[in-house]
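In what follows, chains carry the letters A, B, and so on, assigned in the order in which the sequence lines appear, proteins first and then strands, with residues in each chain numbered from 1.
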Amino acid sequence: MTNYNPKEIESKWQSFWSKEKTFSVVEDPNKKKIYVLDMFPYPSGEGLHVGHPLGYIASDIFARFKRHQGYNVLHPMGYDSFGLPAEQYAIQTGQHPALTTEKNINRYRQQLDRLGFAYDWEREIRTSDPYYYKWTQWIFIQLFDSWYDLVENKAKPITSLIAHFESEGSQDINASCTQKLTFTPKQWNSYSSEKKEDVLMNYRLAYLSMSMVNWCPELGTVLANDEVKDGVSERGGYPVEQKEMMQWSLRISAYAQRLLDDLDQVDFTTSLKEQQRNWIGKSEGLLINFEIEHQKEELQVFTTRPDTIYGVSFMTLAPEHKLVQHITTSEKKKEVFAYVDLISKKTERERQANNGKPTGVFTGSYAINPINNEKIPIWVSEYVLHGYGTGAVMAVPSGDQRDYEFAKQFNIEIKNIFEGISLDSSAYSEKDVIYKNSPEINGLNYVDATAKITTLLVQKKKGRKKINFRLRDAIFSRQRYWGEPFPIYYKDNIPYTIKEEQVLLPKVDKYLPTRDGRPPLGRAKKEDWNIFLGDQMELNTMPGWAGSSWYFLRYMDPKNDKKLASSEKLNYWNQVDLYVGGAEHAVGHLLYSRFWTKFLFDLGVISFQEPFKKLLNQGMIGGAIESLCLKKEKKEGRPVFVCSTKIDNEDFVKIPCHIDFVSDYGSKTSHLLPKQIQKFIKWRPEFKHALFEISNQFLSVEELLNHPEKKLFTLTEHGKMSKRYFNTIDPEKICDSYGADTLRCYEMFLGPIDEHKPWNVNGISGVSGFLKKTWTLFHQAKKVAPSNEELKILHKTIKKVSEDIENYSFNTVVSTFMIAVNEWNKLSQISLTTMENFVVLLSPFAPHISEEFWFKLGNKTSISTVPWPSYNESYFVESTYEYPISFNGKMRFKIPLSLSLTKEEVEKEVLKNKKTEPFIAEKTVKRIIVVPGKIVNIVL
RNA sequence: GCCCGGGUGGUGGAAUUGGUAGACACGCAAGACUUAAAAUCUUGUGACCAUUUGGUCGUGCGGGUUCAAGUCCCGCCCCGGGUACCA
């Protein structure tokens, strides 16, 4: 018997799999399908990130498991190769993005191959591949050519809308739109083509508009809302400003309700669903019109609390609100316009970081409260957001904290409309209130008051029920080079789609972004375009999430050049059954793909409305940073290290320590033992003469070695993995020293797949030892009939492993394997047939070693085609059956089969011990707990 | 602030969903083999007393329900994530 040599067998089986195309899959209507998908990576240049393999291993295990169970498994991989990260890397290294992308992909592939994944590489896709992005562009054209009918709740061809306008005008159209328009058919038919196009833009699902956008000068592009965090760009952390620009947007807001409702159909974590719900942000309320003194126009506000209308003591407009220009009185003009100007110059971040005092100015005008005709001053303040609701609010200082603070700041009246509530220090925003000073609703509760005010205002034609969503349309233009070009050209300022031929990304000399926002594609000459129509090509490119919003469909039929995928294949593979990836894509990618899926459903391209049935979020893997505490003060000229537990504002310097030396790495009690201190000193010889202050003694290394139990506690901080902190672990290095199978099992063994954890390598020897033990055990197996004892272990293992994989509890599966092997090891001998079954169980986790075993067993086909073993309960000595007897009512017993007790014997046993107290009977069964009239449980 | 998660030995983590808490692994200790080391194997390992056969306390803290609570309910504390002038 040779020793377990992972390096040798892993490369052997990897080349076998790739030569035999073991994992390529074809559609087969006679077989049930499973679609297991990983979030495909950005090939960013730093190679695979340590967190990545975690999810890939999990999905690979699941895919291999299902393949054993006889499913036709689609398990593909590809690259999200367009977009900012790829381009940033190219810019940093001064190479063309196409080149660096190619290089990075090769590197990724090499790393992926090393881990033995069962991907069908025949189906690989790249979003930057023209054969792929042809269909991204195609979907864009469909969006451009569609509008959203709110009556039937689906997208429809724009031609049907035009036909309606021609015959009925805007009447009877309830569409998702930027602005509500009204016109007659006669008016419509008299419009110029430019005007018609303007009107249609108002309805198209992909539309051009002049709007305030998140402009990031450093990246030279605009960003979608979810790409901006805390006023800076998510990627790179550069400041983001508000800028008015002509941009393409996608009308995702049309789908807000469906995106919200259909969350009930999918199996995502509650926290992720909650994030999506918050992002969609549905709120039901009332639009209320306030008349303005001496003005024709009315001021419309949105509120969810019409019940507090008697508490309105001022109105507030966003500085961008168009009424600000009209209603500001002449004496206030100078002040108000200066304020508006000041605010417009602020970046998003500055507006948010408005710590403490609210700002604002009075416009000089007054609104009329429609409920009691009271005169209310109208103010302008930056705390009101232009983009939400109507950009104006009715301010109720008694019920809203922001309004309260504003009122305090500017000495505006705070009307108390709540019975028995003190408003001395803050507003009262809870809804458990009884009203006062509110003639129509005095004494009522929240529900009744809201209903009454709503009815009153609707009757007066001053109010209208309205559902508002926080979800904003997604900006779809990027002023960057490395993205899908729009299939759009302009003629006389009217955009037209290009359908006759695919628009390819033209070559340009310089692909760097510009600071002023002119797209790099502007550098392309007329002849650089493969197709050039009209006066001007669209020069923006699509954002990174365009290609990733539908890629899961292309894997189904990656080489189709007639359609994005054939309907048979789309129908066969259907939804992704298991989608594995990080939770950081909660509101970006996951929302956009859900949106596109629904749109493609409306088009009739696909037959399902949700792309991902089940989402598994793998936890992030961070790195703990371990440092020794070096006192600034030396002792007798020698440096002194002290325990991290002893430092309190004392002067000390952190000396980062290589994590290989640290015990309990990443925990509160991380420490170095004398032997490890010795290693540390070898690594950092400049501390050769250092002293270590432990339990009030100053000891040198030599002295410490006489006290092997002494511990020097290290300072642990949680952070990133970085070479700078000596806390990186390279997955490839682990493959080198332990093998991919050990790494796969170990990553699963670390803990629940969805939990965040710092990476550590502390326990890897246990997993490695397990595989070695398995190797030995296998080679000791004899060609004999399996004993009952070993079968009992096997069948328990099959049961537990199958159930746990089904529940994505991969860490406990590895433990179960270990228990089985340990128990078999205690037996005098083991049969080959038992091992044969075990090898199948092991193969999703450790495919290479399992394949090696399978080969040795003389089976020529690859192990992944072997059926998953089934278990037989009769081998479970501890198996139980339910044994109902009557005892002060109905009770349930679980009695071991092995004891083969008769009914009388059990009853006798139980009745003999009949007590009011629970009791334990250890003679016939291990434990019986009996309570008269309640459940009795007999534990083994 | 609000919304989700979560808190179990020295460490990572189990616990059939209300039924012997601490599986499995790491670490540590002792022993076997060895000239020695590595590797491997065996044993022990929540804490505190008793040192045998036993006892007491133990799942962030304080209450409660129950024959029985890590698990359910109420009130706190702490950690992680998301989100925010959304009216």
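Listed candidates were B/rA87, B/rC86, B/rA23. Nearest to the side chain of A/Arg472 is B/rC86. Set against B/rC24, B/rU83, B/rG13, the side chain of A/Asn822 has B/rC24 as its closest nucleotide. Among the nucleotides B/rC86, B/rA23, B/rA25, the one closest to any side-chain atom of A/Ile819 is B/rA23. The side chain of A/Thr812 has B/rA15 as its nearest neighbour among B/rC24, B/rA15, B/rG13.
The partner of B/rA47 is B/rU56, by the rule that a Watson-Crick or G-U pair needs both atom distances under 3.5 Å. Figure legend. B/rC2 is base-paired to B/rG82; pairs are counted as Watson-Crick or G-U wobble with both atom distances under 3.5 Å. Under the Watson-Crick or G-U wobble criterion, with both distances below 3.5 Å, B/rC72 is paired with B/rG64. As the counterpart of B/rG31, B/rC41 is assigned, both hydrogen-bonding distances of the Watson-Crick or G-U wobble pattern falling under 3.5 Å. Under the Watson-Crick and G-U wobble criteria, each requiring two contacts below 3.5 Å, nucleotide B/rC24 is paired to B/rG12.
Whole-Å rounding puts the A/Lys799 NZ to B/rU16 P distance at 13 Å.
A/Phe749 comes within 4.0 angstrom of a nucleotide base, judged by non-hydrogen atoms across all strands. A/Ser765 comes within 4.0 angstrom of sugar-phosphate atoms only, judged by non-hydrogen atoms across all strands, and of no base. Looking at heavy-atom distances under 4.0 Å, A/Lys773 makes contact with sugar-phosphate atoms alone, never a base. Residue contacts shown for A/Asn468 are absent, as no nucleic acid heavy atom lies under 4.0 Å away.
Using P as the reference atom, B/rA38 and B/rA29 are 12 Å apart when rounded to the nearest Å. Only the C1' atoms considered, B/rU20 is 26 Å distant from B/rC26, to the nearest whole Å.
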Show me the donor-acceptor pairs, under 3.5 Å and distance only, between side chains in residues 810-819 of chain A and residues at least two apart or in other chains.
{"unit_1": "A/Thr812", "atom_1": "OG1", "unit_2": "A/Asp804", "atom_2": "OD2", "d": "2.8"}
{"unit_1": "A/Thr812", "atom_1": "OG1", "unit_2": "A/Ser809", "atom_2": "O", "d": "3.0"}
{"unit_1": "A/Thr812", "atom_1": "OG1", "unit_2": "A/Ser809", "atom_2": "OG", "d": "2.6"}
{"unit_1": "A/Thr816", "atom_1": "OG1", "unit_2": "A/Thr812", "atom_2": "O", "d": "2.7"}

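Within the 3.5 Å criterion, the main-chain N or O of A/Ala395 finds no donor-acceptor partner in the side chain of A/Asp400.
The 5' end of RNA chain B is approached more closely, in terms of each residue's nearest nucleotide, by A/Gly766 than by the other of A/Gln275 and A/Gly766. Comparing A/Gly281 and A/Met818 by the nucleotide of RNA chain B that holds the closest heavy atom to each, the one mapping nearer the 5' end is A/Met818.
Residues from residues 396-404 of chain A placing a heavy atom under 4.0 Å of any atom in RNA chain B, listed by number, are A/Arg402.
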Which atom pairs link the protein and nucleotides 1-5 of chain B when you take only N or O atoms and keep those under 3.5 Å?
{"unit_1": "B/rC4", "atom_1": "O2'", "unit_2": "A/Ser271", "atom_2": "N", "d": "3.4"}

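A 6.0 Å sphere centred on CZ of A/Arg277 holds more than 12 heavy atoms belonging to other residues, nucleotides or ligands.
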